2 protein chains.
Amino acid sequence: MEEAQWLKSYEPRDYPAVGVTVDLVILTIRDKELHVLLIERGQPPFEGEWALPGGFVQENEDLHDAAARELQEETGLTQSDLDRVHLEQLQTFGKPGRDPRPLRVYSVAYLAFAPRLPEPVADTDAKNAAWIPLAATGEMKLAFDHEEILSAGVERARDKLEYSPLATKFVGPEFTISELRTVYEAVWGEQLHAANFHRKVLSVRHFVEETGRTTERGGERGGPRARLYRRGDATQLHPALLRPTAE
Amino acid sequence: MEEAQWLKSYEPRDYPAVGVTVDLVILTIRDKELHVLLIERGQPPFEGEWALPGGFVQENEDLHDAAARELQEETGLTQSDLDRVHLEQLQTFGKPGRDPRPLRVYSVAYLAFAPRLPEPVADTDAKNAAWIPLAATGEMKLAFDHEEILSAGVERARDKLEYSPLATKFVGPEFTISELRTVYEAVWGEQLHAANFHRKVLSVRHFVEETGRTTERGGERGGPRARLYRRGDATQLHPALLRPTAE
DNA sequence: CACCGTCTTTCTCAAACTGAGTACTTCTAT
DNA sequence: ATAGAAGTACTCAGTTTGAGAAAGACGGTG
């Protein structure tokens, strides 16, 4: 059969019903703690339960664009805010039955790292939306298989901090070394040696660059003004900033 | 609306036609070179062109199972062979138009690391199947967006060798340190310092364990018999086996 | 069967890096 | 004023690294 002819004879409705969604694990740091954006679902299935934000990929929409759109819808970010957010594909979940609806739904999960953002806005699909401390999600029952997706996201985030400069995506355009340390401590959930962290960050080439300026005032509870840095142009940390030995 | 009631009223055919495939980047080492398994398509679209092995996920089949099934179909592996192959999800590709058929096709790509295997068998969908040296794929035009998928797989493989013990999946159950070094050299495409590699591998705890035995004879061109090791139970390398500085 | 070159393995050594702690200074809060 | 906190610099011992040398063991060759 000729290829052109064969294309015409194709009958798409011969295929079983399938849907594809994107779901987002959006992480940020608030009060020195790792938080994730969750919504309270306003529609079935799982109406009233907490879930990761997400939705169906639209016809003719690229996956990454769909994730960016959902990110924007749920956080109310402006375009310029969006540029300061890191967004990457995480993993695809497709176990039969993971969605109770009578069509098979695959979820392409995305992971986002965001600086401190305003309170999220509940859009049409959600009764409510909020930044939830990661520690508090342990006791929550999330809709679908979103607990599994969230775990995968957090694990990926922990790894990424080691060898990528993405910790800078959790802070503003100018930041102090301590702020950066706070990010690592929040994501890894452990205290780091301040002096060694400082030495290490400055020794990794192109991780951060000096601005020549300092903070306006010292810390909340004392201490000198700290130097301000901005993100360098490294895409990988060489050498990596290794997490205290996980033996 | 009650959830149960709502479920009944759901009309799956309201959704656009969508298909999900798994495609596999199956890597192995032959003659000290990295190879990938490619097939020559026996059906449209792209009939006659080279592509990654793969196919549609079946109804009620989990993604990972679909990948394992395709792996088995294309390589003719027995179940016990399959246990010696590493298989992990790589990335999902879903750009509109990536498949010329009149339904939107997402591809969930999987990455496999295999020890030396027999020549693959062309199954029903393929005219031909072969291990192709990675270096030779640069000049080939692959079907769909399979060049992009292949690149992503190779890049992931290069990273994985650094911090995971998966290099052992490219060799037999018992192997010498040199064989292992050959794997790293093939995947990374560069020579390593044999003495330092040796020291490093033995210093990473639980990467390999001694069998107490040696090879029957020395190397092809001389040299003493080498000690044989087997895979240890580490899941991460601590510390990692870093690639010579990519600056 | 002697020799050469190859290969595995062990050593050496200097340079770089790490973890832990000290110290000095500049701040804020009281 | 003073105490305590925080940013930054330094010290020092222990570890890891990269580069190379060296000691054997072995295969292929003439």
Side-chain angles (χ1 to χ4, degrees), chain A residues 31-32 161-163 171 174-186 188 190-205 207-230 237-247, chain B residues 32 162-163 171 174-185 188 190-205 207-230 236-247:
Chain A
D31 308 322
K32 310 200 171 191
L161 288 209
E162 288 197 319
Y163 55 89
V171 295
E174 300 200 342
F175 51 86
T176 67
I177 303 288
S178 307
E179 283 184 80
L180 200 57
R181 178 163 45 83
T182 301
V183 171
Y184 278 88
E185 290 177 338
W188 287 350
E190 50 194 321
Q191 296 285 116
L192 299 178
H193 182 120
N196 289 344
F197 180 83
H198 200 277
R199 176 182 59 187
K200 179 75 191 183
V201 167
L202 295 186
S203 78
V204 177
R205 265 167 318 232
F207 186 8
V208 300
E209 50 188 46
E210 260 185 277
T211 63
R213 303 189 302 112
T214 70
T215 51
E216 288 298 315
R217 36 163 300 154
E220 296 285 308
R221 293 177 306 203
R225 299 172 184 186
R227 293 185 202 159
L228 285 167
Y229 296 83
R230 72 173 76 87
L237 301 189
H238 270 285
L241 229 154
L242 295 176
R243 189 166 5 174
T245 36
E247 273 309 300
Chain B
K32 308 199 172 193
E162 288 197 319
Y163 54 88
V171 295
E174 300 201 342
F175 51 86
T176 68
I177 302 289
S178 306
E179 282 183 80
L180 201 56
R181 177 162 46 82
T182 301
V183 172
Y184 277 88
E185 290 177 337
W188 288 348
E190 51 194 322
Q191 295 284 115
L192 299 178
H193 182 120
N196 289 346
F197 180 85
H198 199 277
R199 175 181 62 187
K200 179 77 189 178
V201 167
L202 295 187
S203 78
V204 176
R205 264 165 319 229
F207 186 7
V208 299
E209 49 188 47
E210 258 183 280
T211 63
R213 304 190 301 113
T214 69
T215 51
E216 288 298 316
R217 37 164 299 154
E220 297 284 308
R221 294 177 305 204
R225 300 175 183 184
R227 293 185 203 161
L228 285 167
Y229 295 83
R230 73 174 74 90
Q236 295 254 331
L237 301 189
H238 271 284
L241 229 156
L242 296 177
R243 190 169 1 177
T245 36
E247 273 309 300

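All figures in this text were calculated on a predicted structure; none of them were measured in a lab. First the proteins, then the strands, lettered A, B, ... as listed; each starts at 1.
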- Message: Test of understanding: with salt bridge (charged side-chain N to carboxylate O under 4.0 Å, His left out), list the residues that count as partners of A:Glu185, not counting sequence neighbours.
- Response: A:Arg181
Nearest 0.5 Å, what's the [atom1]-[atom2] distance between [X] and [Y]?
X        : Y        : atom1 : atom2 : result
B:Leu241 : B:Phe207 : CG    : CZ    : 6.0 Å
B:His193 : B:Lys200 : NE2   : NZ    : 14.0 Å
A:Leu161 : A:Arg243 : CG    : CZ    : 8.5 Å
B:Ser178 : B:Leu192 : OG    : CG    : 11.5 Å
A:Glu174 : A:Glu210 : CD    : CD    : 11.5 Å

- Message: Counting the atoms with a prime plus P, OP1 and OP2 as sugar-phosphate, which does B:Ser178 contact under 4.0 Å by heavy atoms, base, sugar-phosphate, or nothing?
- Response: sugar-phosphate
Polar pairs (N or O, both sides) under 3.5 Å between protein and nucleotides 13-15 of chain C?
none

- Residue set satisfying side chain to side chain donor-acceptor pair (under 3.5 Å) with B:Arg230, at least two apart, ordered chain then number -> B:Glu209
- Could you check which residues of residues 190-197 of chain A get a heavy atom under 4.0 Å from DNA chain C? Sort them by number, please. A:His193, A:Ala195, A:Asn196
- Message: Any side-chain to backbone donor/acceptor pair from A:Thr215 onto A:Gly218? Under 3.5 Å, distance only.
- Response: no
- Task: Please work out whether the ring planes of B:Tyr163 and A:Tyr163 are parallel, tilted or perpendicular, with thresholds of 30° and 60°.
- Result: parallel
- Start with the C-alpha distance between A:Thr176 and A:Leu228, add both sets of side-chain angles, then the distance that settles side-chain contact (heavy atoms from CB on, under 4.5 Å), and finish with yes or no. CA-CA 5 Å; A:Thr176 67; A:Leu228 285 167; 3.9 Å; yes
- Sorted by number, the residues of residues 212-228 of chain A with heavy-atom contact under 4.0 Å to DNA chain D: A:Arg221, A:Gly222, A:Gly223, A:Pro224, A:Ala226, A:Arg227
- Message: Is it the case that over 12 heavy atoms from other parts of the model lie below 6.0 angstrom from the CD atom of B:Glu190?
- Response: yes
- What are the 5'-most and 3'-most nucleotides of DNA chain D lying under 4.0 Å from any heavy atom of chain A? D:dG4 to D:dT11
- Minimum-distance pair of heavy atoms, taken over all atoms of B:Trp188 and B:Glu162: CZ2-CG, 3.5 Å
